[in-house]
Trainee: 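I'd like to ask you about the structure that follows.
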Amino acid sequence: MARFRSEFLRILDERGFIYQCTDPEGLDELFLRERVTAYVGYDCTADSLHVGHLLTIMMLRWLQRTGHRPVALVGGGTTKVGDPSGKDETRRLLSEEEIERNKRGILESLSRFLDFSEGGALLVDNATWLDELRYIPFLREYGRHLTVNRMLGFESVRQRLEREQPLTFLEFNYMVMQAYDFLELARRHGCRLQMGGSDQWGNIVCGIELAHKKDRIRLFGLTCPLLTTASGAKMGKTVKGAVWLDPQKLSPFEYWQFWRNTEDADVGRFLRLFTELPLAEIARLERLEGAEINEAKKVLAFEATRLAHGEAAARRAAEAARALFEGGGGDVAAVPVLEVSRSELVRGIPVVELFTRAGLTRSNGEARRLIRGGGARLDGLRIGDERLLLRPEHFDGRSEIQLSAGRKRHARVRVVEG
RNA sequence: GGAGGGGUGGCCGAGCGGUUAAAGGCACCAGACUGUAAAUCUGGCGGCGUCAGCCUACGCAGGUUCGAAUCCUGCCCCCUCCA
């Protein structure tokens, strides 16, 4: 497969990152010729990124590893407008402070994967230029280069119109804003390539066309496939919601577990996309069959966790999993802990409440149902009574007990004096 | 501006005065089977509650009624057709 000659594109191609590319040959040449600056845009609506963002993060990472310059753009400007695509309930507008906090969170998530130190990756906020825009001058200068005819042809727009779903002028302008972002990055930072999910294709192309008409510069676009699991579900959900990259929001142990529970059919693909193992090694792992494929899943979990949370955390997660799932007392240090005071324990703590406090269930009612359904365990023994109170005798001299919701989700409860 | 249709739980979508915490599907959780997989089958799936109950919910605000998601009034939003 001599499709690409440049290292970056070859890697992306071999690993399955490429869905569409505006001009593969031209881009390949560009990568052979110079140090390329490329960007990916991230929404600013949450304070952390999640696995749904991981594909593009990995692309930026490979970009940096192969000697080029990644730019992460956060949508501080566009977030102020509020994304209207979420149908009813006009979305709550975020305050400046919230946006600021979210930006910091996003940077923190990204910092695990990219080197933002001097001369490395760049973080930019489109508020920097979008805030300054004035309507009439903008329309006169840029609006004349964008035809509605052209924009109506884009898949995202066409689909809406065909299904007779409303498409507001505001949404329509998102494409324009993003097109302008690309141009602005090209001017400010010499950015030549925008990458994103396949749903971003129209927006990316729009930016390329704008830049060509306005500044006579040639930009490139590349999208990655929309990721679903082999059984067709969207990736990256757990009871707790999204699979966050921020360890505060989802512990490394739970992150490890997420990857460990990958479906058989996805293992090879995920290893290529979400780890940096050599392809030969992945091919070997992929060939494992039956129960042996679990080895491959552990490698996937370890490597993915290592990237997001560091090697030490990945080791602890792996060890805790060994202790929990394969018997033989390993170290369960990575399993999330809930602390309770001795005085509270002496009074007796409703076990349903503990499940909720430990984050294993979302409400006491859910914990009750879990117990009724036979999925709740205390130190491995099924809890039969939903009214059970946790008391000092359950600890039997130890400082910790273990709660489990189903086979896979565990938490420790530790007594502290007081 | 005019006429009609509509806003139901995370999503889709029934219900159109009581027996409706609201059919059905998807998603999700648990149990069984396994390999911490998939498929399948079973159960669950608003909150609080030591279980007797209480509270909140069908766009928003009022009203009619013993009783409202269901009827009435006003408001907000969406869709279709006409101008």
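Every chain is numbered from 1, with letters handed out A, B, ... down the list of sequences.
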Trainee: Measure across Leu354(A) and Val340(A) and return the closest heavy-atom pair with its distance rounded to 0.1 Å.
Mentor: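 The answer is CD2-CG1, 3.9 Å.
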Trainee: Taking 4.0 angstrom as the limit, do Arg104(A) and Asp47(A) come out as a salt bridge?
Mentor: no
Trainee: Near Glu209(A) CD, under 6.0 Å, is it more than 12 heavy atoms from other residues, nucleotides or ligands?
Mentor: yes
Trainee: Is there a donor-acceptor contact under 3.5 Å linking the side chains of Glu184(A) and Tyr180(A)?
Mentor: yes
Trainee: Between Leu370(A) and Thr356(A), name the one whose nearest nucleotide on RNA chain B is closer to the 5' end.
Mentor: Leu370(A)
Trainee: Give every donor-acceptor pair under 3.5 Å between a side-chain atom in residues 392-407 of chain A and any protein atom, sequence neighbours left out.
Mentor:
from, atom 1, to, atom 2, distance (Å)
His394(A), NE2, Leu389(A), O, 3.2
Arg398(A), NE, Phe395(A), O, 3.0
Arg398(A), NH1, Asp379(A), OD2, 3.4
Arg398(A), NH2, Asp379(A), OD2, 3.0
Arg398(A), NH2, His394(A), O, 3.1
Glu400(A), OE1, Arg412(A), NH1, 3.2
Glu400(A), OE2, Arg412(A), NH1, 3.0
Glu400(A), OE2, Arg414(A), NE, 3.3
Glu400(A), OE2, Arg414(A), NH2, 3.3
Ser404(A), OG, His410(A), ND1, 2.8

Trainee: Please tell me which of the listed nucleotides, rU34(B), rA30(B), rG35(B), lies nearest to the side chain of Arg407(A)?
Mentor: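 Among the listed nucleotides, the one closest to the side chain of Arg407(A) is rU34(B).
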Trainee: Can you measure Arg391(A) atom CZ to rU50(B) atom C1' for me and round it to whole angstrom units?
Mentor: 12 Å
Trainee: CG of Leu300(A) versus C1' of rA37(B): gap in Å, rounded?
Mentor: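 Whole-Å distance recorded here is 13 Å.
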Trainee: Whole angstroms only, please: what is the CZ-P distance between Arg362(A) and rG47(B)?
Mentor: 9 Å
Trainee: Working to the nearest 0.5 Å, report the span between CG of Leu130(A) and CG of Asp181(A).
Mentor: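 So the gap between those two atoms works out to 5.0 Å.
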Trainee: With a 4.0 Å cutoff (strictly under), does any side-chain N or O of Asn364(A) reach OP1 or OP2 of rG49(B)?
Mentor: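 Yes.
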Trainee: Under a 4.5 Å cut-off applied to non-hydrogen side-chain atoms, are Val36(A) and Arg69(A) in contact?
Mentor: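 They are not in contact (no side-chain heavy atoms under 4.5 Å apart), so the answer is no.
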Trainee: Search all heavy atoms of Gln178(A) against all heavy atoms of Asn203(A) and return the closest pair with its distance.
Mentor: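 Shortest heavy-atom contact: OE1-ND2, 3.2 Å.
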Trainee: Send over the distance from Trp256(A) CH2 to rU36(B) P, rounded to a whole Å.
Mentor: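 Value for this atom pair: 11 Å.
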Trainee: Mind checking what makes salt bridge (charged side-chain N to carboxylate O under 4.0 Å, His left out) contact with Arg316(A), not counting sequence neighbours?
Mentor: none
Trainee: Please list, chain by chain and in numerical order, all residues satisfying ring-ring contact (aromatic ring centres under 6.0 Å, His included) with Phe31(A), sequence neighbours excluded.
Mentor: Phe8(A), His68(A)
Trainee: Among pairs that include at least one residue of residues 291-314 of chain A, which meet ring pair (Phe, Tyr, Trp, His ring centres under 6.0 Å), considering only residues two or more places apart or in two chains?
Mentor: Tyr255(A)-His309(A)
Trainee: Look at Ser363(A) and rG46(B) and indicate whether a side-chain polar atom (N or O) is within less than 4.0 Å of OP1 or OP2.
Mentor: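 No, Ser363(A) has no side-chain N/O under 4.0 Å of OP1/OP2 on rG46(B).
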Trainee: Could you list, one pair per line, each protein nitrogen or oxygen that sits under 3.5 Å from a nitrogen or oxygen of nucleotides 40-44 of chain B, together with the distance?
Mentor:
none

Trainee: rC51(B), rU36(B), rA38(B): which one has an atom nearest the side-chain heavy atoms of Arg372(A)?
Mentor: rC51(B)
Trainee: Let's see if you get this right: which residues in residues 277-288 of chain A place a heavy atom under 4.0 Å from RNA chain B?
Mentor: none
Trainee: Under 4.0 Å, heavy atom to any atom of RNA chain B: which of residues 304-314 of chain A qualify?
Mentor: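 When residues 304-314 of chain A is checked for heavy atoms under 4.0 Å from RNA chain B, there are no hits whatsoever.
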Trainee: Taking atom P in both rC29(B) and rA39(B), compute the distance separating them and give it to the nearest angstrom.
Mentor: 12 Å
Trainee: Specify whether His53(A) and His50(A) have parallel, tilted or perpendicular ring planes, treating 30° as the upper limit for parallel and 60° as the lower limit for perpendicular.
Mentor: tilted
Trainee: Dot-bracket for RNA chain B, please. Rules: Watson-Crick or G-U, both distances under 3.5 Å, ( ) within the strand, [ ] when a pair crosses earlier ones, | for another strand, . otherwise.
Mentor: ((((((((.[[[..)..(.....]]].(((((.......))))).(((....)))...[[[[[..)....]]]]]))))))).
Trainee: For Lys408(A) and rA37(B), is the shortest distance between a side-chain N/O and OP1 or OP2 below 4.0 Å?
Mentor: yes
Trainee: Suppose you measure atom P in rU70(B) against the same atom in rA3(B); what distance do you get, rounded to whole Å?
Mentor: 24 Å
Trainee: Check whether more than 12 heavy atoms from other residues, nucleotides or ligands sit under 6.0 Å from atom CZ of Arg391(A), and answer yes or no.
Mentor: yes
Trainee: How close or far is atom P of rU34(B) from atom CG of Asn261(A), stated in whole angstroms?
Mentor: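 Whole-Å distance recorded here is 18 Å.
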Trainee: Considering only atom C1', compute the distance from rG15(B) to rA22(B) and round it to an integer number of Å.
Mentor: 8 Å
Trainee: Please compare Gly406(A) and Pro350(A) by the position of their nearest nucleotide in RNA chain B and report the one closer to 5'.
Mentor: Gly406(A)
Trainee: Return the nearest nucleotide to the side chain of Ala321(A); candidates are rG35(B), rU36(B), rC29(B).
Mentor: rU36(B)
Trainee: Testing the 3.5 Å rule here: is there a donor-acceptor pair between the side chains of Thr356(A) and Glu353(A)?
Mentor: no
Trainee: May I ask you to list the residues of residues 374-389 of chain A, by number, that have any heavy atom positioned under 4.0 Å from an atom of RNA chain B?
Mentor: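 Here the set is Gly374(A), Gly375(A), Arg382(A), Glu386(A), Arg387(A).
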Trainee: Measure CD1/Ile349(A) against P/rU50(B) and give the value in whole Å, please.
Mentor: 14 Å
Trainee: Which whole number of Å gives the distance between the C1' atom of rG9(B) and that of rU20(B)?
Mentor: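 Roughly 13 Å separates the two C1' atoms.
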Trainee: OP1 or OP2 of rU50(B) sitting under 4.0 Å from any side-chain N/O of Arg368(A)?
Mentor: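 The answer is yes; a side-chain N or O of Arg368(A) sits under 4.0 Å from OP1 or OP2.
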Trainee: With heavy atoms under 4.0 Å as the rule, sort Thr262(A) into base, sugar-phosphate or nothing.
Mentor: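 Contact class for Thr262(A): sugar-phosphate only.
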Trainee: Determine the Euclidean distance between corresponding P atoms of rU40(B) and rG5(B); express it in Å to zero decimal places.
Mentor: 42 Å
Trainee: Would you please say whether a donor-acceptor pair under 3.5 Å links the side chains of Ser6(A) and Asp28(A)?
Mentor: yes
Trainee: Considering every strand and a 4.0 Å limit on heavy-atom distances, what is the contact class for Glu292(A): base, sugar-phosphate, or nothing?
Mentor: nothing
Trainee: OH of Tyr19(A): more than 12 outside heavy atoms within 6.0 angstrom?
Mentor: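 Count not over threshold, so no.
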Trainee: Taking rU8(B) as the reference, what is the distance to rG4(B) when you measure between their P atoms (whole Å, please)?
Mentor: 22 Å
Trainee: Under the rule for salt bridge (charged side-chain N to carboxylate O under 4.0 Å, His left out), what residues qualify as partners of Arg101(A), not counting sequence neighbours?
Mentor: none
Trainee: Strictly by ring pair (Phe, Tyr, Trp, His ring centres under 6.0 Å), give each pair with a member in residues 354-377 of chain A just once, sequence neighbours left out.
Mentor: none
Trainee: When the distance from CD of Glu254(A) to P of rC29(B) is rounded to whole Å, what number comes out?
Mentor: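 Glu254(A) atom CD is separated from rC29(B) atom P by 13 Å.
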Trainee: Can you measure Ile371(A) atom CD1 to rC51(B) atom P for me and round it to whole angstrom units?
Mentor: 15 Å
Trainee: When the P atoms of rC71(B) and rC58(B) are compared, how many Å lie between them, rounded to an integer?
Mentor: 15 Å
Trainee: What donor-acceptor contacts under 3.5 angstrom involve side-chain atoms of residues 132-139 of chain A, with partners at least two apart or in another chain?
Mentor:
none

Trainee: Given the P atoms of rA32(B) and rG47(B), what is the spacing between them in whole Å?
Mentor: 24 Å
